[in-house]
Amino acid sequence: MSAAVAPCALLARDVVAAARSLVGWTLLVDGVGGRIVEVEAYDQDDPASHSHDGRTSRNAAMFGPPGRAYVYRSYGIHWLLNVVCGEEGHGAAVLVRAVIPEHGRERIAARRPGVGERDWCRGPGRLGVALGVGPQHDGARLDAEPFTLRAACGPVAVLATPRIGISRAVERPWRFVEAGSVYASDTRVRAGGATSSG
DNA sequence: GGTATGATTGACT
DNA sequence: GTCAATCATACCA
């Protein structure tokens, strides 16, 4: 893999391949964040995806150009951050479920008082709080302020598992986790889908 | 205008 | 293990 390839070019392709690639990348929001250790892929041809029933005002960002954010509110209380992937208009995105809190740790601690470091960014709702993600980021570029998105430096050991928290297409192994990471939201990793990226 | 639902989390038994 | 919190969106009338 060439280090000269821009991250955006790696996102403008099949969303499942892009999702697997995203594990190990570095994601920062206003300097807060770290290494991505858990993601899930969602495609328009996917009953579990917001884009499955076509474009609406909520999921409009999913149909925009790749390399942008899709932010929406879940269960009325959580802000979830996605990375738009695939071709523009395809309605594909990758949900970022967990990162390692490497940067801006003091600010994360301030945002999550009484919460252990391991739980700061473990789970999409918590990640949104820790990184300060909100509706103002919906549709924003991930390669410009306040975001920083940088590709992984070396190989990453990735496991493919079923997605979490959905009721449709639950068997699609479109959740990708860095092997052995204690920062992933669910360590119950099923064997059989192990792959290697890098 | 009214109601059902959800890519979750945290508290409680 | 079970269940409430909380609200924008989607859908029906």
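None of the values given here were measured: they were computed from a predicted structure. Quick note on labels: first sequence line is chain A, next is B, and so on, each numbered from 1. Heavy-atom basis, side chains included; hydrogens, waters and symmetry copies ignored.
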Sequence-distant partners of [X], side chain to side chain donor-acceptor pair (under 3.5 Å), two or more places apart:
X: Tyr72(A); value: none
X: Asp119(A); value: Arg122(A)
X: Arg58(A); value: none

For this session: Answer yes if the side chains of Ser51(A) and Gln44(A) hold a donor-acceptor pair under 3.5 Å, and no otherwise.
Result: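 Their side chains do not contain a donor-acceptor pair, so the 3.5 Å distance test is not met.
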Exercise. What's the CG-P distance between Leu80(A) and dT8(B), to the nearest Å?
Worked result: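 So the two atoms are 6 Å apart, to the nearest Å.
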Problem set entry | Distance in angstrom units between Glu38(A) CD and dA7(B) P, rounded |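 It works out to 16 Å between those atoms.
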Residues in side-chain contact (heavy atoms from CB on, under 4.5 Å) contact with [X], at least two apart in sequence or another chain:
X: Asp143(A); answer: Cys8(A), Arg141(A)
X: Arg73(A); answer: Trp79(A)
X: Ala69(A); answer: Val71(A), Leu81(A), Leu142(A), Phe147(A)
X: Asp45(A); answer: Asp43(A)

Exercise. So what's the dot-bracket for DNA chain C: Watson-Crick or G-U pairs under 3.5 Å, [ ] if a pair crosses, | if it pairs off-strand?
Worked result: |||||.||||||.
For this session: In sequence, state the C-alpha distance, the side-chain angles, and the governing distance for His50(A) and Tyr70(A), and then conclude on side-chain hydrogen bond (donor to acceptor under 3.5 Å, both in side chains).
Result: CA-CA 11 Å; His50(A) 289 169; Tyr70(A) 165 46; 2.9 Å; yes
Exercise. If you pin Arg126(A) and Ile166(A) to their nearest nucleotides in DNA chain B, which one's is more 5'?
Worked result: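 Its nearest nucleotide lies further toward 5', so the answer is Ile166(A).
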For this session: Please tell me which of Pro124(A) and Arg168(A) maps to the more 5' nucleotide of DNA chain B, matching each residue to the nucleotide holding its nearest heavy atom.
Result: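 Final value for this comparison: Arg168(A).
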From [atom1] ([X]) to [atom2] ([Y]), nearest 0.5 Å:
X: Arg97(A); Y: Arg175(A); atom1: CZ; atom2: CZ; result: 6.0 Å
X: Leu149(A); Y: Ile36(A); atom1: CG; atom2: CD1; result: 6.0 Å
X: Glu87(A); Y: Asp14(A); atom1: CD; atom2: CG; result: 10.5 Å
X: Ile100(A); Y: Cys121(A); atom1: CD1; atom2: SG; result: 9.5 Å
X: His103(A); Y: Leu27(A); atom1: NE2; atom2: CG; result: 10.5 Å

Problem set entry | DNA chain B contacts among residues 40-50 of chain A, heavy-atom distance under 4.0 Å |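 Nucleic-acid contacts, sorted: Tyr42(A), Ala48(A), His50(A).
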Exercise. Do any of residues 87-111 of chain A sit with a heavy atom less than 4.0 Å from DNA chain B, and if so which?
Worked result: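 Contacts with DNA chain B under 4.0 Å: Leu95(A), Arg97(A).
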Exercise. Looking across every strand, which nucleic acid part, if any, lies under 4.0 Å from Arg172(A) by heavy atom: base, sugar-phosphate, or nothing?
Worked result: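 Result for Arg172(A) = nothing.
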Problem set entry | Which atom of Ala93(A) lies closest to which atom of Met62(A), heavy atoms considered |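 In this case the closest contact between Ala93(A) and Met62(A) is CB-CE, 3.7 Å.
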Problem set entry | Atom of Leu10(A), atom of Ala18(A) and distance for their closest heavy-atom approach |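 Between these two residues, the closest heavy atoms are O-CB, 3.9 Å.
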Table of protein N/O atoms under 3.5 Å from nucleotides 9-13 of chain C N/O atoms:
| unit_1 | atom_1 | unit_2 | atom_2 | d |
| --- | --- | --- | --- | --- |
| dA10(C) | OP1 | Thr56(A) | OG1 | 2.3 |

Please list, pair by pair, any protein nitrogen or oxygen found under 3.5 Å from a nitrogen or oxygen in nucleotides 3-7 of chain C.
| unit_1 | atom_1 | unit_2 | atom_2 | d |
| --- | --- | --- | --- | --- |
| dT6(C) | O2 | Tyr75(A) | O | 2.5 |
| dC7(C) | O4' | Gly76(A) | O | 3.4 |

For this session: Compare side-chain N and O positions of Arg122(A) against OP1 and OP2 of dG10(B) and report whether any pair is under 4.0 Å apart.
Result: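 No, no such contact exists.
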For this session: Using the P atom as the reference point in each nucleotide, state the distance between dA4(B) and dA4(C) in Å, no decimals.
Result: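 My reading of the P atoms in dA4(B) and dA4(C) gives 16 Å.
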